[in-house]
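Okay, structure first, notes after.
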Amino acid sequence: MRGSLLVAVVRVPGSPSLALYRDRGLVAEGRPEEIASTVAKLQDTSAIRVCWWNRSVATELVRAGLRISRCWDVQEAHRLLCGGWSAAPDEVWANAVALPMSERPAPLAGDLFDEPAQVGGPLVRPDGYLDPRVLGDERPSADDLAEWAELLFQVVARQAEQLQARSPTAVSTALSESGTSVLITELERDGVPIERARLTELITQAAGVPPESERHAAQLRADRDDVVRRLVPGRERTDLRNPAQVLELLHAVGVKVEDTRAWRLEAHRHTHPVVEALLGWRKAERIATTYGWGWLQAHVGPDDRLRGPWTTCDGGAGRMTAGAGLHSLPAPLRPGVAAPAGTVLVRADLGQVEPRVLAVVSRDEEFARATHEDDLYAVVAAQLGVERSIAKIAVLSAMYGQTTGPAAAALERMKRTYPTAMAYLDAAAAQGQRGEAVQTYGGRHIPVTQSATAEQARAVGRFTRNAVVQGAAAELFKAWALTVRHALWQQGDGTGRIVLMLHDELLIEVPQNQADDTVTLVHHTLTDAARRWSGGAPVRFVADVAIIHRWSEAKG
DNA sequence: GATTTCACGTA
DNA sequence: CGTACGTGAAATCC
């Protein structure tokens with residue numbers, strides 16, 4: 001924050017134009033391309049930070065070709081401060097000036113009960129709240145723009161103060177979340193490279209040929225279903241998509257299960273041929289319905305790039321989310337994600353990131369020592385005197401709140417061997433169970449729902465226990481990704497780019513001749529980002545990095 | 001028509 | 001009674 005010039009970009013109502021402000025007033029107004037080039041020149045000559053009320057402004061600048069390096073997104077800062085996703089201007093303002101959220105004026109309903117529209121008056125009401133007229137699409141009016149930008153500067157300053165007071169790391173988390181807000185705009189623009197012929201082939205294997213009509217589609221579905229239904233004479237009319245009917249069918253052939261979930265059916269795979277057939281049918285049906293021809297048509301563009309909507313932190317603990325199946329693409333389809341000619345993909349996976357993050361956030365010195373090796377679970381196993389597989393389950397159980405199962409005894413030893421880390425998790429769980437919000441290492445507020453029953457309270461406890469680890473891991477991951485992105489801009493011709501982010505995995509597309517340099521870059525940026533993020537904690541982070549042509553290659 | 005339940009893909 | 005997400009189909013609730 002310090003030492004950099006804050007500039008604001010706001011939308012000019014009723015026009016495609018954007019306006020650029022600094023503390024002393026208007027700098028420029030014009031089409032997004034013009035403002036993008038003005039901001040680019042400013043970025044080149046001085047240290048600036050760009051802020052906006054809404055990410056859509058950043059989206060326009062990015063689409064105009066601007067590479068935004070430093071920014072402050074007041075919605076992201078607000079989400080960090082308050083938790084959740086909602087971040088309309090009136091909420092952002094109210095929180096920034098420390099007024100109660102519940103007392104703010106209702107948005108205009110656009111009917112006779114609205115108070116007469118305030119025209120030309122101040123945007124801040126006498127009671128300190130933002131005038132509801134700013135919530136409409138065409139408001140504030142063009143006359144109010146300078147004031148709108150001035151209020152934005154005030155919000156940035158107040159948010160920074162609040163974050164500073166909250167935690168030593170929170171301001172840098174806000175900067176990272178703001179950068180991520182721009183990065184997801186780039187992900188949405190660029191998409192993931194697809195080899196259409198290969199993906200088409202894979203979808204055909206699972207879902208059959210593309211249906212030519214509704215009738216044809218129904219016929220293909222029925223053909224697929226018959227393969228399974230034929231195995232149980234007398235039940236050829238079963239609707240396989242209806243769990244109740246499937247349950248009945250299974251009971252009829254002597255498979256006694258309480259529901260039809262795959263993991264439960266796994267044990268009965270060989271009791272009757274229909275079980276195996278049904279499990280295979282389910283896999284194909286998943287691809288046919290969710291990742292089939294409709295999905296291809298909707299999300300893969302004519303340029304053979306798969307695009308979906310992204311959020312920076314909509315997950316309960318502040319993880320990113322993505323639509324269009326980008327975060328849940330079935331493994332069988334992954335060969336369809338492939339580097340275009342002249343480029344390669346570099347795939348980088350963080351190794352055992354959650355326990356390593358736990359070592360940082362809990363400041364457990366003994367647990368931190370375990371992170372010095374590539375295989376953390378092997379060290380834990382040796383220290384606890386158990387098998388590696390048991391140690392792994394014990395560590396994961398501690399972070400997920402599982403108390404039963406094969407690792408129950410090992411959990412007791414964990415408490416003795418790593419008391420600080422375990423106490424950190426227990427404290428987070430206890431807070432959640434009491435109905436209190438928790439905070440991540442980076443300062444994100446994680447609100448919790450109030451529970452009516454003890455069982456619900458325990459579920460909240462498991463959520464907060466996990467959220468402090470999962471959320472902190474997300475913070476490290478975003479900081480790393482931004483460091484990678486910045487380094488890619490500096491490398492070679494600067495065309496390398498991140499195309500997919502998957503909680504602990506980056507998929508990067510670079511020209512072939514940059515492949516080796518990118519591998520080096522990924523390792524170095526991880527060391528740098530982890531050192532900055534952890535404040536120099538003695539915790540090691542590792543990445544598994546591979547140069548590949550298809551996403552399916554080189555998994556761990 | 002909107003919401004919930006079941007199911008399952010990913011980390 | 002292990003966490004989080006997105007998605008679709010059917011059942012269920014207005």
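Lettering of chains follows the sequences in order, A, B, ..., and the numbering in each one begins at 1.
Ion pairing of R540(A) with E373(A) is absent here, as no side-chain N (NZ or NE/NH1/NH2) approaches a carboxylate O to less than 4.0 Å. Using a 4.0 Å cut-off between a side-chain N of Lys or Arg and a carboxylate O of Asp or Glu, D426(A) and R465(A) qualify as a salt bridge.
Between Q352(A) and Y377(A) the shortest side-chain heavy-atom distance falls below 4.5 Å.
Counting any heavy atom pair closer than 4.0 Å across all strands shown, L326(A) reaches no nucleic acid atom. Note on R286(A): a base of the nucleic acid sits closer than 4.0 angstrom, heavy atoms only. Among the protein residues, R462(A) comes within range of the sugar-phosphate backbone only, with heavy atoms under 4.0 Å from sugar or phosphate atoms but none that close to a base. Within the 4.0 angstrom heavy-atom criterion, no nucleotide atom of any strand lies near A467(A). Residue contacts for S397(A): at a heavy-atom cut-off of 4.0 Å it reaches no nucleic acid atom on any strand shown. Residue A244(A) is out of contact with every strand shown, counting any heavy-atom pair closer than 4.0 Å.
In this model, the phosphate group of dA11(C) is approached by a side-chain N or O of N242(A) to a distance below 4.0 Å at OP1 or OP2. Side-chain N/O atoms of R458(A) include one lying less than 4.0 angstrom from OP1 or OP2 on dC1(C). Side-chain N/O atoms of K283(A) include none lying less than 4.0 angstrom from OP1 or OP2 on dC8(B).
Between L333(A) atom CG and dC8(B) atom P there is a gap of 17 Å when expressed in whole angstrom units. Taking atom CG of L329(A) as the reference point, atom C1' of dG6(C) lies 12 Å away to the nearest angstrom. Counting to the nearest Å, the P atom of dA4(C) and the CZ atom of R319(A) are 10 Å from each other. Atom CZ in R334(A) sits roughly 6 Å away from atom P in dT10(B) (whole-Å rounding). In this structure, CH2 of W281(A) is placed 11 Å from C1' of dG8(C), rounded to the nearest angstrom. Going from atom CG of D544(A) over to atom C1' of dA11(B) covers 15 Å, rounded to whole Å. Atom pair R282(A):CZ and dA10(C):P shows a separation of 13 Å (rounding to whole Å applied). A straight line from CZ of R241(A) to C1' of dA9(C) spans 9 Å, rounded to a whole angstrom.
Distance alone, capped at 3.5 Å, places no donor-acceptor pair between the R531(A) side chain and the L526(A) backbone.
More than 12 heavy atoms of other residues, nucleotides or ligands shown are found within 6.0 angstrom of CD on E266(A). Around atom CZ of R224(A), more than 12 heavy atoms belonging to other residues, nucleotides or ligands sit under 6.0 Å away. Other residues, nucleotides and ligands place no more than 12 heavy atoms under 6.0 Å from the NE2 atom of H524(A).
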Given D303(A) and R305(A), is the salt bridge (Lys or Arg N to Asp or Glu O under 4.0 Å) satisfied, shown in steps? CA-CA 6 Å; D303(A) 59 353; R305(A) 315 266 320 178; 5.4 Å; no
Sub-3.5 Å pairs of nitrogen or oxygen atoms, protein against nucleotides 12-14 of chain C:
none

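Contact check of residues 254-267 of chain A against DNA chain C (heavy atom, cut-off under 4.0 Å) returns no residues at all.
Checking dG2(C), dG9(B), dC1(C) against every side-chain atom of Q402(A), the shortest atom distance belongs to dG2(C). Here the nucleotide nearest the side chain of Q470(A), chosen from dG6(C), dG9(B), dA4(C), is dA4(C).
Checked against a 6.0 Å centroid threshold, the rings of H327(A) and W310(A) count as neighbours. Here W533(A) and Y441(A) bring their ring centres to under 6.0 angstrom of each other.
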